[in-house]
Amino acid sequence: MFGWRVRSYGSTVGAVQVGDEQFRAEALDGVRYALARLPEESRGLSVSVVEIVTSPVDTGPGDVKFAAAHAVWAMVGRQPGRQPHRQPWIDADGVPVFP
């Protein structure tokens, strides 16, 4: 999931860094969040997260979850079925909010 670091910056950076487990957990949470909110006819999907791209200066708590959820919805060409007015959003401080 983090192999892009080696491709972008070389082997001295390494593919594993502090915080990666948190990002993996957020990606999984985001996928589960998105799948649980799809309409019934879209259920039964399997999703694999193949890459997580972060930035040390601009990736905060909840950002990977937010991105993963929206990536799932974009992948299936749907938005969440339940309460569409209650989709996750970014607040004025730039923090993802999950209703």
Side-chain angles (χ1 to χ4, degrees):
M1 286 185 225
F2 298 99
W4 65 271
R5 290 185 191 131
V6 175
R7 290 190 306 274
S8 298
Y9 302 111
S11 60
T12 57
V13 171
V16 178
Q17 294 183 0
V18 173
D20 286 354
E21 286 306 314
Q22 163 100 22
F23 293 138
R24 282 187 181 98
E26 280 197 27
L28 181 58
D29 286 348
V31 167
R32 287 180 177 154
Y33 184 92
L35 292 175
R37 283 155 180 79
L38 287 174
E40 288 294 322
E41 64 270 13
S42 298
R43 298 289 171 98
L45 296 172
S46 177
V47 175
S48 296
V49 177
V50 295
E51 188 168 72
I52 299 171
V53 179
T54 60
S55 167
V57 296
D58 200 29
T59 303
D63 289 346
V64 172
K65 178 179 177 179
F66 186 88
H70 282 278
V72 168
W73 292 325
M75 178 186 69
V76 298
R78 296 188 160 274
Q79 288 298 310
R82 288 187 258 165
Q83 301 176 338
H85 63 285
R86 300 285 299 158
Q87 295 178 23
W89 71 91
I90 304 290
D91 72 10
D93 294 323
V95 177
V97 178
F98 292 87

| Separation between CH2 of Trp73 and OH of Tyr33, rounded to the nearest 0.5 Å | 5.5 Å
| Could you give the distance from OG1 (Thr54) to CD (Glu26), rounded to the nearest 0.5 Å? | 10.5 Å
| task | Not counting sequence neighbours, list each pair that qualifies as a ring-ring contact (aromatic ring centres under 6.0 Å, His included) and has a residue in residues 37-59. | result | none
| request: Determine, using the 4.5 Å side-chain heavy-atom cutoff (strictly less than), whether Ile52 and Met75 are members of one ILVMFWY cluster. | output: yes
| message | Going by the rule side-chain contact (heavy atoms from CB on, under 4.5 Å), which residues pair with Leu45 if we only count those two or more places apart in sequence or in a different chain? | response | Leu35, Leu38, Val76
What side-chain donor-acceptor pairs closer than 3.5 Å can you find for residues 92-99, not counting sequence neighbours?
none

